[in-house]
Enquirer: 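Before I ask anything, let me first share the structure, which is written out below as structure tokens.
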Protein chains: 2
Amino acid sequence: MSNVVHNRPVVKPDTRQRVLEAIAKLDYHPSRVAQGLRQQASRAIGFLVLDPNPRWPADPLHAEVLAGMSETATKHDYSLLLDRPPGNGHLTARELLQPFRSGQIDAAIVALAGTSDSHQHALDALNQAGVLFAVLEREIEGECAYSVMGANEDGAYAATQKLLRDGRRQIAFLDSTQMWPAIELRLNGYRRAMREAGLEANILISPSPDWTSAGGAVAMHGLLERCERKGLPYPDAVLAGNDVLAVGAMHVLRERGLHVPGDVAVIGFDDFEFARYVDPPLTTVRLPAYEMGKRAAELLIAHLEGRPTSQRRHILPTELIVRQSG
Amino acid sequence: MSNVVHNRPVVKPDTRQRVLEAIAKLDYHPSRVAQGLRQQASRAIGFLVLDPNPRWPADPLHAEVLAGMSETATKHDYSLLLDRPPGNGHLTARELLQPFRSGQIDAAIVALAGTSDSHQHALDALNQAGVLFAVLEREIEGECAYSVMGANEDGAYAATQKLLRDGRRQIAFLDSTQMWPAIELRLNGYRRAMREAGLEANILISPSPDWTSAGGAVAMHGLLERCERKGLPYPDAVLAGNDVLAVGAMHVLRERGLHVPGDVAVIGFDDFEFARYVDPPLTTVRLPAYEMGKRAAELLIAHLEGRPTSQRRHILPTELIVRQSG
DNA sequence: TTGAAAGCGTTACCAT
DNA sequence: ATGGTAACGCTTTCAA
């Protein structure tokens, strides 16, 4: 019976035929739950989002990653389980491991919020438990740990250099009080480019309260006000932590009568769908989010099927997409 | 033991104490899989997306719905399983029911693509199997079927009326060859308003090949070309099937040197995050997508816990948000 | 090649 | 109030 369902060649053709008929007649459906219990494997991978913001799927980047994961999981007949931390977002190791221990998932893709060290204990716990996982946008080491990243630092470096080449000198960076590992890397790239250009003194960072466009507007607002208060000149360029922030920032600039890119150049990050449709079309650093989701899922599934990939650190290239905003 | 874990009051305090200690010492974790097998209930709800486009999570509306579902599921300690049709998107009843029959989910939220009748057989199959589900944006009847909708027709009607009140007469609608139940309703609202204004002859519909902004640009392009070919005047207003399309359409209008809203008013649908940040800020019909996801999940979970809601048809109100594009 | 039986980790039931 | 046992539906192993 089991041998028939799984197409194993140890059954005589006519026996197989009989069994198949019975299956059809009884409208039999194998229970994946029972299979899971017996085989100690659920054929499901989890998406563990360590972000207290319940609206995280609405972030275009997360959505793209999710789409890539889902596509790949389906292709390999794996299920995808969405898992969020209950409540406040501060996880104990126990909570994190729960879906593994309870047999719900065989592996997980982990998306972090917060600074890169804030969830170190969580990753340590995963490692110590010996479970299989892939972390997005974050270096990680461990027996069964993969990491899938975009070239965030390179991208931010290239974007800053482009602005410098265009003669911009007062280049500001928009980040957020809600930290996020990729942003640290982007900041690093920005800082390095400024330092190498001898403009360390011009480094200027303004935080958004969150990762929405409304937050981006707040950050831009704060930036301009700070300049006014201190009698500093306005920045002549802004590198935004991501496109969503950039959109809000451009809105504020327009409201203030500042021309983009004439007065202030703006470059975003991610190249989300709407980047080319805002006015002016947004120059940005493309991050291959969909591909990252795919890659992470592929690595985990290959590992689960006995084909672990020796390369644990996967960095997908970013690309500067020059449009008209900067 | 089971009684202790589930806090049943049939155990003596000191026995409970002893068991709890053992649990801690052995680092015991209940297996949800075994629980599922034993109780014939997985404590998971599925999101069945009958859309062949693998990038569906990147659609802002879907993402918001997903966020609402995820939030609610987590709150009630339910898992959320993402389920896509394998491959082409044309589902057999068998494939649709698979996650139910295999015990992976106790209920599902179903998002349809295609015309409202194209998946009728799928919904019939769900009904006939007696499984619990909620359909988004689509009327449904059945023993265990809920439907959660936005007031699509009302919204489109109100938007069209607003344009008429502003003196617009040549109002076009942007839909898509990739149909979608909600769009049929929006079209109905548009048609009804035009008919009631005696402008049935002016009804003009241009399709996008998909639901991206690029598609919206194609639809707008096609619309203008059709007018030119037939020697018709350009439309003085456009009601887009959703905001994503509207963004692409506005882009084309600007490229052609047409002023929004001076020459052509544009109204979108959904009120996604970026609607207020495009230029000019997009007038649109707000659809409470997050709330719809929440509601659907709540209805299912309440039903599963023995508290079925008598009202099966839930229509959440839409609201016309007037900004500057129309 | 086939059929029977054990066991995966729970919970529900039934003796104690 | 407690401990033992069967059963959930499958796969694997072992004997026939």
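Every chain is numbered from 1 and lettered A, B, ... according to where its sequence line falls, protein lines coming before strand lines.
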Enquirer: Using the side-chain heavy atoms of A:Ala34, tell me which of these nucleotides is nearest: C:dG9, D:dC10, C:dT11.
Expert: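 Closest nucleotide to the A:Ala34 side chain: D:dC10.
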Enquirer: Could you please name the option among C:dT1, C:dT11, D:dT12 that lies closest to any side-chain atom of A:Lys12?
Expert: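 Comparing C:dT1, C:dT11, D:dT12 against the side chain of A:Lys12, the answer is C:dT1.
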Enquirer: Taking only the side-chain nitrogens and oxygens of B:Gln40, find out if one of them lies under 4.0 Å from OP1 or OP2 of D:dA7.
Expert: no
Enquirer: Any side-chain N or O of B:Ser2 less than 4.0 Å from the OP1 or OP2 oxygen of C:dT11?
Expert: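 So the side-chain polar atoms of B:Ser2 do come within 4.0 Å of the phosphate oxygens OP1 or OP2 of C:dT11, strictly under.
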Enquirer: From CZ of A:Arg43 over to P of D:dC10, roughly how many Å is that when rounded to an integer?
Expert: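 The answer, rounded to whole Å, is 16 Å.
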Enquirer: Is A:Gln120 atom CD crowded by more than 12 heavy atoms from other residues, nucleotides or ligands, each under 6.0 Å away?
Expert: yes
Enquirer: So which one's nearest nucleotide on DNA chain D is more toward 5', A:Gln35 or B:Val10?
Expert: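 Mapping each residue to its closest nucleotide by heavy atoms, the 5'-most match is B:Val10.
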Enquirer: Any ion pair linking A:Arg55 and B:Glu71 (charged N to carboxylate O, less than 4.0 Å)?
Expert: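 Salt bridge absent between B:Glu71 and A:Arg55.
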Enquirer: Just N and O in the side chain of B:Tyr28: are any of them under 4.0 Å from OP1 or OP2 of C:dG9?
Expert: no
Enquirer: Under the criterion side-chain hydrogen bond (donor to acceptor under 3.5 Å, both in side chains), which of A:His314, A:His303, A:Glu298 is the partner of A:Tyr146?
Expert: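 Answer to the side-chain hydrogen bond (donor to acceptor under 3.5 Å, both in side chains) test with A:Tyr146 among A:His314, A:His303, A:Glu298: A:His303.
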Enquirer: In whole Å, I'd like the distance from the CZ atom of A:Arg101 to the P atom of C:dT10.
Expert: 11 Å
Enquirer: Counting only N and O atoms by type, is there a donor-acceptor contact under 3.5 Å from the side chain of A:Tyr78 to the main-chain atoms of A:Ala297?
Expert: no
Enquirer: Identify which nucleotide among D:dT2, D:dT12, C:dG9 has an atom closest to any side-chain atom of B:Thr15, counting heavy atoms from C-beta outward.
Expert: D:dT2
Enquirer: Quick one: B:Leu37 CG to D:dT11 P, roughly how many Å, whole number?
Expert: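 After rounding, the gap between these two atoms is 12 Å.
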Enquirer: Is there a side-chain contact between A:Arg8 and the phosphate of D:dT12, meaning an N or O under 4.0 Å from OP1 or OP2?
Expert: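 Checking D:dT12 against A:Arg8, a side-chain N or O does come within under 4.0 Å of OP1 or OP2.
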Enquirer: B:Gln39 CD to C:dC13 C1': how many Å, rounded?
Expert: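 So the CD-C1' distance, B:Gln39 to C:dC13, works out to 14 Å.
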Enquirer: I'd like to know whether CD of A:Glu141 has more than 12 heavy-atom contacts from other residues, nucleotides or ligands below 6.0 angstrom.
Expert: no
Enquirer: How many whole angstroms separate atom CZ of B:Arg38 from atom P of D:dC10?
Expert: 16 Å
Enquirer: Measure the distance from CD on B:Gln17 to C1' on D:dT2 and round it to the nearest whole Å.
Expert: 17 Å
Enquirer: Relative to the 5' end of DNA chain D, which residue comes earlier, A:Pro30 or B:Pro9, by the nucleotide with the nearest heavy atom?
Expert: B:Pro9
